[in-house]
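Predicted model, so just to flag it, every value in this text is computed and none were measured. Letters A, B, ... mirror the listed sequences (proteins, then strands); counts begin at 1.
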Amino acid sequence: MKSVWKKLRKFSIPTLLSIAWLAIIGLIAIVYPLLSSTDPKFVYENDLGVGPFTNGHLFGTDTNGYDIFRELLHGTRLTLLVAVVAVGVGGAIGSLIGILSGYVRGKIDAVVNVIFSAVLSIPNLVLALALVAVLATAPDAYSTVSNWRKVFVVVLALTIVIIPILGRIARGATLSWSNREFVTAAKSMGAKNSTILWKHIVPNVLPAVMAIAFLAVGVVIVAEGSLSLLGVGIPDGNSWGAILAAGRNDMEYTPHVVYFPIIFIALTVISCNQIGDVIRQSLDRREARI
Amino acid sequence: MNRALPILRRLGTLLAVIVLSTFFLSCLLRLLPTDLVDMILTMGTPEEKAALRRTLYLDRDVFTSYFMWFKDFIRGDMGLLYGTGGGETVWSHVTRSLPISLLIMLYTQIIALVIAVPLGIFTAYRAGKKSDRVISNTLFTASSVPNFAIAFLLIILVGVKLKWFPTLEYVGFKDDPFQHFKHLVLPCVSLGVGLAASYTRLLRTDVIAALKDDYVTMAASKGLSDSRILLTHVFRPASVTLLTAAALNMGALIGGTLVIENIFAIPGFGFEIAYALATKEFVALQSFIAITALGYVIFNVTADLLIGVVDPRTRGSR
């Protein structure tokens, strides 16, 4: 425990605040669904659209009578789940492709590079929109798409968006690390490709991917919010973006319904960017030492 | 020949990227869990359906239908919007909405540069001092705030509470220039703040590096004035970074414009995309997204070429 404190003391105050905020929402995402027995959609009929700090509603209620604080805590889980799964799975697939193609080089690498460029040539929100539009279409006019399928489609679309972003970073890092002396030395000593990849390339490439992965979490959260605002995101106020999208119609009468989801989204994105930046800086410093 | 080869290779890659990304969209259309023709003509007779299938090239295999589609697409024949009874062509919607979005992006870039250039130079000259630290940290935070968040805050504070600017709809420049700018202030500012923040950061780093360079010391010892040094020796290399940054941020700007247009109800390209999405106009959607990808690629290439013009050192190596 003491060593953890020592490590934390090295960071600046904004970084510590970022870590704290991410820890808090992470905890909310895991613990809140277990603790709360009340429905986030409980309607307070006597408190329609009241402001913050009235009648025990910390963040007020919206015009439907939903408690905003409770909705936000409830929405934390899906918001973070979407971001973590999309970046985790997309990052893993992207890194795998990127590292292998950067290590093998030659024609395969050229093809992978063109494919990455092609996918990246579609702005990421537009790509996500296209994927969601196609995949969340009901098979015929008489059936509807279930909410779980909508969530799955959003996650899938954002995962596909993330693959080339992190894949390209992994590829670039692999290209530069595999030219280093210690890799040549290992090769000349007759080390197997798998050994070189696992012992020399991956440990050096992953930190670079990690730094961008934090930024990617921010990108995904913003994209998820944007999808909700465009009406194709996670349904029924189950994520921060969805709460924001539902609240924007009554923005003139109950502005707090818009403020609080915005604050949650903005703080999370700022924290992710701050941590990503710190990782990148420490990598640069390490690089400068070598 | 030696000079032409890298350019040819780049053009080849470019073409491959465009073809692949549009082909990818074509395949996506085939992934629809439902039959596109049945969706458009729910009540049509088998003959009508067969005819539509032929016009959409859905009776061929993926590759042939893609190349037929691409040939039409290049010629501006992008099919119809079927929800409106088949009366309106996709191309007419493109020509109506695309200029609005391009204008918004242009204004946004101007706003971002107007904020970023003075701030970047100011913070670079005061690097490490308190004013630099405050501005730099604020900007880092601002660059992380999603643009829809800024848009909502501006709408509530400046639009609804203070009533300084309208928060909805669009007025053409020809109809009323004053109203035109007044309507676009809030959307462009909400898009420009984040962009300005990232430009300032890059400009600051660049100016600091340039000020330490030998040729600046040389220019100063020659007795050139500060403003002259800034313009000719510091700003020229820094503008390369700005162009690169503009190219890198273009994707985010396109996505941002899409959301912002929908928030402010501006009938631009992003609005069309969202509308096509909501009304399931997949034929139109395919062309819209292909145009977005095309525009993005073209912008990046132009930026690359401009960098070559500004910075002669990169001409050979790129």
Side-chain angles (χ1 to χ4, degrees), chain A residues 14 110-111 113-141 143 145 215 218-219 221-223 225-227 229-232 241 244 247-248 251-252 255 258-259 261-263 265-274 277, chain B residues 13-14 16-25 28-29 31-35 38-39 42 137 140-141 143-150 152-153 155-157 160-161 250-256 258-259 262-263 270 273-274 276-278 280 282 285-286 288-290 292-294 296-297 300:
Chain A
V111 171
N113 190 28
V114 169
I115 293 177
F116 278 171
S117 307
V119 181
L120 286 171
S121 79
I122 307 172
N124 55 40
L125 183 60
V126 180
L127 177 61
L129 266 181
L131 289 165
V132 171
V134 168
L135 299 173
T137 300
D140 55 70
S143 52
V145 181
L215 303 185
V219 169
I221 290 176
V222 173
S226 306
L227 287 177
L229 286 173
L230 294 170
V232 288
L244 178 63
R248 67 180 265 218
M251 198 157 54
E252 284 179 48
V258 173
Y259 288 146
I262 282 181
I263 292 172
I265 293 174
L267 280 180
T268 310
V269 177
I270 292 169
S271 304
C272 288
N273 287 3
Q274 174 73 28
D277 210 50
Chain B
T13 320
L14 184 72
V17 166
I18 290 175
V19 167
L20 249 175
S21 64
T22 45
F23 179 63
F24 173 69
L25 291 172
L28 208 57
L29 214 57
L31 278 180
L32 272 174
T34 159
D35 186 31
D38 282 340
M39 220 165 95
T42 22
N137 284 332
F140 178 70
T141 314
S143 70
S144 319
V145 179
N147 44 39
F148 59 74
I150 299 175
F152 283 128
L153 291 182
I155 289 178
I156 295 174
L157 297 178
V160 176
K161 293 243 164 82
M250 202 57 192
L253 181 58
I254 292 173
L258 208 148
V259 178
N262 281 283
I263 292 176
I273 290 181
L277 199 69
K280 309 252 173 246
F282 288 108
L285 207 55
Q286 185 185 6
F288 287 160
I289 295 177
T292 322
L294 209 63
Y296 184 42
V297 172
N300 271 294

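- With a threshold of 4.5 angstrom between heavy atoms, Ile263(B) approaches chain A through its backbone and through its side chain.
- With contacts defined as side-chain heavy-atom distances shorter than 4.5 Å, the pair Asn262(B)/Leu229(A) does not qualify.
- Taking every heavy atom of both residues into account, Ile289(B) and Ala130(A) meet most closely at CD1-CB, 3.4 Å.
- With respect to chain A, the highest number of heavy-atom pairs below 4.5 Å among Val145(B), Leu32(B), Val259(B) belongs to Leu32(B).
- Between Tyr259(A) and Leu157(B) the shortest heavy-atom distance is OH-CD2, 4.0 Å.
- Only the side chain of Asp277(A) has a heavy atom closer than 4.5 Å to any heavy atom of chain B.
- Considering all non-hydrogen atoms of both residues, Leu120(A) and Tyr296(B) come closest at O-CE2, 3.1 Å.
- Ranked by non-hydrogen atom pairs under 4.5 Å with chain B, the options Ala110(A), Cys272(A), Ala118(A) are led by Ala118(A).
- Proximity to chain A (any heavy atom under 4.5 Å) is shown, for Phe288(B), by neither the backbone nor the side chain.
- Counting heavy-atom pairs closer than 4.5 Å to chain B, the top-ranked of the candidates Ile270(A), Val132(A), Leu267(A) is Ile270(A).
- Contact of the Asn137(B) side chain with the Pro14(A) side chain is not registered, since no non-hydrogen atoms from C-beta on lie closer than 4.5 Å.
- Between Leu258(B) and Leu129(A) the shortest side-chain heavy-atom distance falls below 4.5 Å.
- Your options are Leu230(A), Val119(A), Leu215(A), Leu127(A), and the one with the most heavy-atom pairs under 4.5 Å with chain B is Leu230(A).
- Using a 4.5 Å cut-off between heavy atoms, Ala274(B) touches chain A through its side chain atoms alone.
- Closest of all the heavy-atom pairs between Val222(A) and Phe148(B) is O-CE2, 3.6 Å.
- Between chain B and the options Ile263(A), Val232(A), Ile122(A), Leu227(A), the largest number of non-hydrogen pairs under 4.5 Å is found for Ile122(A).
- The residue among Ser121(A), Ala266(A), Ala133(A) with the most heavy atom pairs within less than 4.5 Å of chain B is Ser121(A).
- Both the backbone and the side chain of Asn273(A) come within contact range of chain B, each with at least one heavy atom under 4.5 Å from a heavy atom of that chain.
- Contact of Leu244(A) with chain B is made through the side chain alone, with heavy-atom distances under 4.5 Å.
- Among Ala149(B), Ala16(B), Ala290(B), Gly255(B), the residue making the largest number of heavy-atom pairs under 4.5 Å with chain A is Ala149(B).
- With a 4.5 angstrom heavy-atom cutoff, Leu31(B) touches chain A via backbone and side-chain atoms both.
- Among Leu28(B), Ile18(B), Ile254(B), the residue with the largest count of heavy-atom pairs under 4.5 Å with chain A is Leu28(B).
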